[in-house]
Amino acid sequence: MIRIQLKPRNQWQQKVEELGFGFHSTEGTYWDESAAYIFKLKEIEAIEKATNTLWEMCLEAVQYVIDKKLYRQFAIPDYIIPYIESSWNNDVPSIYGRFDLGYANGKIKLLEFNADTPTSLYEAGIIQWFWLQDFDAKKDQFNSIHEKLIAYWSNLKPYLNAGLLHFACVKDSLEDLTNTEYLRDCAIQAGLNTKLIFIEELGWDLDNELFVDIENTPISNIFKLYPWEWLVHEEFGQNIIKDKNHICWIEPAWKMILSNKAILEVLWQLYPNHEYLLNTSYTSNGMNTYVKKPLLSREGANITIVNDHKIIEESQGEYGEEGFVYQEYMNLENDFGQVALIGSWIIGGEAAGIGIRESKSKITDNTSRFIPHYIEH
Amino acid sequence: MKKSKHIQLVLITALLASCSSKKETEWSEGDKKVYLRSDSTAPYTRTHSSPLLWYFAFRSFGMMNNGQYVRGGYHSDAIHPKSNFGSNGYKSRISRGGFGRSSFRTGS
């Protein structure tokens with residue numbers, strides 16, 4: 001994995017905007033084609049293998065958490081536990097997730113798993129693919145995100161309830177809307193009947209005890225780009241278990257276990273010293289250099305990096321109320337003074353491609369840049 | 001080959017291109033300003049909520065809860081009752097706005 005500097009395409013902003021990518025420079029530069037990462041095929045195969053292996057380990061870990069009823073460690077409210085267990089026992093399907101991997105000195109390590117509401121899917125699946133067509137169409141890229149999404153939506157058809165598949169996200173985020181509409185685009189191509197709704201507009205029919213859309217159509221299947229931990233703590237959360245339509249929620253409720261950083265501690269317990277894992281526990285005992293992460297946080301908020309008992313970097317935010325995990329620190333800074341993190345997509349249970357986020361900061365947050373990649377055979 | 005061979009998009013490009021349209025140029029001194037109500041396609045209706053506010057198309061409503069005002073939604077007599085959203089007694093027994101208050105962006 002090496003980094004090269006490149007001259008961006010002429011009028012690249014116009015090119016990506018024509019693809020519907022409107023947040024390329026929202027908070028400073030986000031899409032950054034002044035650089036690229038080059039991988040050897042064997043490196044990509046190693047990432048692919050790690051992603052598939054981690055997915056299998058995560059499924060084992062969910063079963064373990066459910067069997068041992070470790071919900072307190074995950075700060076999961078009691079009322080939703082039967083619903084989570086039911087979603088797991090009934091194999092309610094998951095479409096996607098993104099493992100954030102560190103890759104240095106030939107070692108691949110799981111930093112965290114964005115299992116519930118991962119974003120940057122459009123950049124990884126579409127924008128960098130079209131970039132490569134302009135840069136050198138003959139080159140390869142670890143990117144079958146688009147075809148895997150269409151294929152998996154198609155596979156899901158028999159598992160969905162009768163009726164529309166709604167897609168929901170928050171109203172005021174173009175990034176969230178882009179990711180949601182991209183997933184809907186793929187579902188349409190898979191032959192599903194879909195409809196967009198904003199999460200704020202979801203209605204609850206008090207008489208019939210059903211969720212309804214803005215035209216009061218009962219909802220039977222819904223993809224939601226909205227975290228489970230927020231759903232269950234909000235006013236309508238209690239309605240999820242009363243819902244007479246038994247909505248098929250995608251991602252499913254059992255993803256609450258995987259999207260919580262307590263899963264990193266469980267994985268280390270189940271697979272101590274595994275080649276893809278970093279030591280993680282609920283205390284920093286015995287660790288001189290570690291990253292303190294809230295169980296529930298987003299976009300790099302409330303992270304503290306400690307080196308030899310001294311804080312070397314920390315980020316602000318509003319998370320941490322539920323507790324923290326302490327994870328062994330992996331130094332990812334490269335020769336360019338950049339910290340690159342590999343977001344490796346799992347779609348329908350298969351490794352599907354990568355997107356790389358880069359920053360000068362040791363903490364990857366919402367100001368980190370997306371850098372395209374290709375494979376050099 | 002690990003790369004997709006062909007990519008087709010059926011929905012997203014046109015839809016999102018309209019979301020990311022260029023910002024209007026700022027007004028400069030001397031420009032003639034035209035003010036247009038954002039709800040100008042809706043017929044103006046007489047309000048029932050306050051005799052001091054005679055005309056506006058959508059009325060917001062809500063209630064006080066633990067000392068905080070909780071917005072319920074908007075209502076207009078000018079559109080079909082099913083298209084009004086929010087929760088109040090004189091519309092259908094549909095409650096809205098119970099999700100979405102935790103953040104403005106959810107990605108991770």
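Every chain is numbered from 1 and lettered A, B, ... according to where its sequence line falls, protein lines coming before strand lines.
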Is the number of heavy atoms from other residues, nucleotides or ligands within 6.0 Å of CG (Asp134(A)) greater than 12? yes
What residue in Glu147(A), Arg184(A), His146(A) has the most heavy-atom pairs under 4.5 Å with chain B? His146(A)
Would the distance check show the side chain of Arg96(B) and the main-chain N or O of Glu201(A) forming a donor-acceptor pair, the cut-off being under 3.5 Å? yes
When rounded to the nearest 0.5 angstrom, what is the spacing between CZ in Phe236(A) and CZ in Arg101(B)? 8.5 Å
Against chain B, label Glu112(A) side chain, backbone, both or neither, depending on which of its atoms sit under 4.5 Å from a heavy atom there. neither
Side chain from CB out, backbone as N, CA, C, O: work out which of these in Ile44(A) comes under 4.5 Å of a heavy atom of chain B, or both, or neither. side chain
Side chain, backbone, both or neither: which part of Phe211(A) has a heavy atom under 4.5 Å from chain B? side chain
Leu11(B) side, atom CG; Gln189(A) side, atom CD - distance, nearest 0.5 Å: 9.0 Å
Report which part of Trp129(A) has an atom under 4.5 Å of a heavy atom belonging to chain B: side chain, backbone, both, or neither. side chain
Does any backbone or side-chain atom of Leu231(A) lie under 4.5 Å from a heavy atom of chain B? Answer side chain, backbone, both or neither. both
Where on Tyr374(A) is there a heavy atom nearer than 4.5 Å to chain B: the side chain, the backbone, both, or neither? neither
Going by salt bridge (charged side-chain N to carboxylate O under 4.0 Å, His left out), name the residues that satisfy it together with Glu251(A), two or more places apart in sequence or in a different chain. Lys255(A)
With rounding to the nearest 0.5 Å, note down the distance linking NZ in Lys3(B) to CG in Asp140(A). 6.0 Å
For Leu196(A), is it the side chain, the backbone, both or neither that has a heavy atom under 4.5 Å from a heavy atom of chain B? neither
Chain B contact via Ile375(A) - which portion, at a heavy-atom distance below 4.5 Å: side chain
Once rounded to the nearest 0.5 Å, what's the spacing between atom OG of Ser102(B) and atom CD of Glu229(A)? 8.5 Å
Considering all heavy atoms of both residues, which atom of Ser95(B) and which atom of Leu206(A) are nearest to each other, and what is their separation? CB-CD1, 4.4 Å
What pair of heavy atoms forms the shortest contact from Asp185(A) to Gln8(B), and how long is it? OD1-O, 4.4 Å
Can you label the angle between the Trp249(A) ring and the Phe99(B) ring as parallel, tilted or perpendicular, going by 30° and 60°? perpendicular
For the atom pair CD1 (Ile7(B)) and CD1 (Ile126(A)), what is the distance rounded to the nearest 0.5 Å? 4.0 Å
Roughly how far apart are Ser144(A) OG and Lys2(B) NZ, rounded to 0.5 Å? 8.0 Å
With sequence neighbours left out, write down each residue that passes side-chain contact (heavy atoms from CB on, under 4.5 Å) with Ser25(A), or none if nothing qualifies. Trp12(A)
Output yes when a side-chain donor or acceptor of Glu234(A) lies under 3.5 Å from a complementary backbone atom of Gly100(B), and no otherwise. yes
